[in-house]
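First comes the structure, then the notes that go with it.
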Amino acid sequence: MLGSKEAKKHLDDTVRLVRRSDVDYVSIKVSSVASQISMWGFEDTVNYVVEQLTPLYAEAARAPKGTKFINLDMEEYRDLRLTMEVFKRLLSLEEIKSLEAGIVLQAYLPDALGAIQDLAEFAKQRVAAGGAGIKVRLVKGANLAMERVHAEIAGWPLATEPTKQATDANYKRVLYWTMRQENMEGPRLGIAGHNLFDIAFAHLLSVERGVADRVEFEMLHGMATDQARALSNDVGDLLLYVPAVRPAEFDVAISYLVRRLE
């Protein structure tokens, strides 16, 4: 978002989507509803984003329970702490305590395990206090090119895992810690990806540890359709992600589609 006018329009469009009877799930990023985000003023930025997003989450919370879901997506490494703090503060508001909402974690970040441990504890306490649980969507990561550009320009170490193998290992590390009944009292897990080995590992582990009812499998619509069909035979319905835009604004979907090609 380059300006507050564009950010407001995007947020208003999302509120209108949530109000539609045929929409039960939307995904949104902090960076798409707040322009000129600065990490130098962390507390002020968190407060500002929470203020921006509260009406959207309150709208979803007023709907009949379980009929509306908001997923807070993640972009760059610099957004991780901000997004998590915004998510926890939003879900701690009294008018939003009954809403189950979601957040994304990217396994190519070494911080992913610590982040899900933090979120699991938050969710456990939220449920114990009479609130709804949360959902954590675990992905590999989709902004590697941008992370490399930032690191090279600034002369910083790369924020992500150094190799694909390390990312895959971290993905399994997060699953292995999370998929225990005591760690899933508050959160549900969305296993997102197209790597059949990782999907099989997650499915078998969830069954072995008795948490399969807390796990959902997610793929991208139009990618690896034969795999999706085979997977659904074993695990049931899948959640399929797809960009939905007005025809006049199709360019908005291009970056999403290009990342899929990459």
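Throughout, residue positions are numbered sequentially from 1 according to the sequence presented.
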Evaluate salt bridge (charged side-chain N to carboxylate O under 4.0 Å, His left out) for Asp13 paired with Arg246, printing each intermediate quantity in order.
-> CA-CA 11 Å; Asp13 286 345; Arg246 296 185 181 92; 3.7 Å; yes
Derivation of the side chain to side chain contact (heavy atoms under 4.5 Å, CB included) call for Met219 and Leu231 = CA-CA 10 Å; Met219 300 181 94; Leu231 176 61; 4.0 Å; yes
With side chain to side chain contact (heavy atoms under 4.5 Å, CB included) as the test, would you mind laying out the steps for Val46 and Arg89 before giving the verdict?
-> CA-CA 9 Å; Val46 169; Arg89 291 196 193 182; 3.5 Å; yes
With side-chain hydrogen bond (donor to acceptor under 3.5 Å, both in side chains) as the test, would you mind laying out the steps for Glu121 and Gln125 before giving the verdict?
-> CA-CA 6 Å; Glu121 181 60 29; Gln125 293 179 9; 2.8 Å; yes
Walk me through it: do Phe87 and Leu119 pass the test side chain to side chain contact (heavy atoms under 4.5 Å, CB included)?
-> CA-CA 10 Å; Phe87 179 75; Leu119 290 168; 4.0 Å; yes
Can you check side chain to side chain contact (heavy atoms under 4.5 Å, CB included) on Arg137 and Ile103, steps first, answer last?
-> CA-CA 6 Å; Arg137 181 174 189 250; Ile103 188 171; over 6 Å; no
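More than 12 heavy atoms of other residues, nucleotides or ligands shown are found within 6.0 angstrom of CZ on Arg180. Around the OH atom of Tyr176, the shell of radius 6.0 Å holds no more than 12 heavy atoms that belong to other residues, nucleotides or ligands. In this structure, Gln165 places its CD atom where only 12 or fewer heavy-atom neighbours from other residues, nucleotides or ligands lie under 6.0 Å away. More than 12 heavy-atom neighbours from other residues, nucleotides or ligands sit within 6.0 angstrom of CE on Met223. More than 12 heavy atoms of other residues, nucleotides or ligands shown are found within 6.0 angstrom of CG on Asp213.
No hydrogens or angles considered: nothing links the side chains of Gln227 and His194 as a donor-acceptor pair under 3.5 Å. Looking only at atom types and distance, the side chain of Tyr171 has no donor-acceptor partner in the side chain of Asn195 under 3.5 Å away. Ser31 and Glu75 share a side-chain donor-acceptor pair at under 3.5 Å.
Hydrophobic clustering of Ile, Leu, Val, Met, Phe, Trp and Tyr side chains at less than 4.5 Å, counting indirect connections, unites Leu138 with Leu196. Residue Met184 is grouped with residue Trp177 when hydrophobic side chains (ILVMFWY) are merged at heavy-atom distances under 4.5 angstrom, including chains of intermediate members. Residues Ile254 and Met146 do not share a hydrophobic cluster, defined by chaining ILVMFWY side chains whose heavy atoms lie under 4.5 Å apart. Under the 4.5 Å side-chain heavy-atom criterion for Ile, Leu, Val, Met, Phe, Trp and Tyr, Leu204 and Ile199 are members of distinct hydrophobic clusters. A single hydrophobic cluster is seen to contain both Val50 and Phe42, as judged by linkage of ILVMFWY side chains at heavy-atom distances under 4.5 Å, directly or through other members.
Side-chain contact between Glu59 and Arg19: present, with at least one pair of heavy atoms (C-beta onward) separated by less than 4.5 Å. For the pair Leu53/Val86, a side-chain contact is recorded, criterion being any heavy-atom separation below 4.5 Å from C-beta on. Looking at Leu158 and Glu152, their side chains never come closer than 4.5 Å, going by heavy atoms from C-beta outward. Proximity of Pro187 to Phe122: side-chain heavy atoms (C-beta onward) are nowhere separated by under 4.5 Å. Using a 4.5 Å heavy-atom cutoff, the side chains of Asp111 and Tyr77 are in contact. In this structure the side chain of Val211 never reaches within 4.5 angstrom of the side chain of Asn183, judged on heavy atoms.
Here the shortest heavy-atom pairing between Val23 and Lys68 reads O-NZ, 2.6 Å. When all heavy atoms of Tyr108 and Asn143 are compared, the pair lying nearest together is OH-N, 3.1 Å. Scanning both residues, Asp73 and Thr83, for their nearest heavy atoms gives O-CG2, 3.9 Å. Nearest approach of Thr160 to Glu147, heavy atoms of both residues: CG2-CG, 3.9 Å. Annotation for Ala228 and Leu238: closest pair O-CD1, 3.4 Å, computed over non-hydrogen atoms. Of all heavy-atom pairs between Pro110 and Ala159, the closest is CD-O, 3.2 Å.
Here Leu72 contributes atom CG and Lys29 contributes atom NZ; the two are 10.0 Å apart, rounded to the nearest 0.5 Å. Put simply, CG on Asp24 and OG1 on Thr67 are 8.0 Å apart, with the number rounded to the nearest 0.5 Å. Atoms CG and CG, from Asn170 and Leu109 in turn, are 8.5 Å apart once rounded to the nearest 0.5 Å. Rounded to the nearest 0.5 Å, atoms NZ (Lys97) and CG (Leu93) are 11.5 Å apart. For the atom pair CG of Leu99 and CG of Leu90, the computed distance is 10.0 Å after rounding to the nearest 0.5 Å. Rounding to the nearest 0.5 angstrom, the gap separating the NZ atom in Lys164 from the CG atom in Leu144 is 11.0 Å.
When each of Asn71, Leu11, Val18 is tested with Ile28 by the rule side chain to side chain contact (heavy atoms under 4.5 Å, CB included), just one qualifies, namely Leu11. Of the candidates Lys65, Arg126, Lys135, Arg188, Arg188 is the only one forming a side chain to side chain donor-acceptor pair (under 3.5 Å) with Glu100.
Salt bridge Glu6/Lys9: absent, no basic N to carboxylate O contact under 4.0 Å. Between Asp12 and Arg16, no side-chain nitrogen of the basic residue sits less than 4.0 Å from a carboxylate oxygen of the acidic one, so the salt-bridge criterion is not met. With respect to the salt-bridge test (charged N to carboxylate O, under 4.0 angstrom), the residues Lys140 and Asp168 qualify.
A donor-acceptor pair under 3.5 Å is formed between the side chain of Ser206 and the backbone N or O of His203.
With ring centers used as reference points, Tyr25 lies under 6.0 Å from Tyr241.
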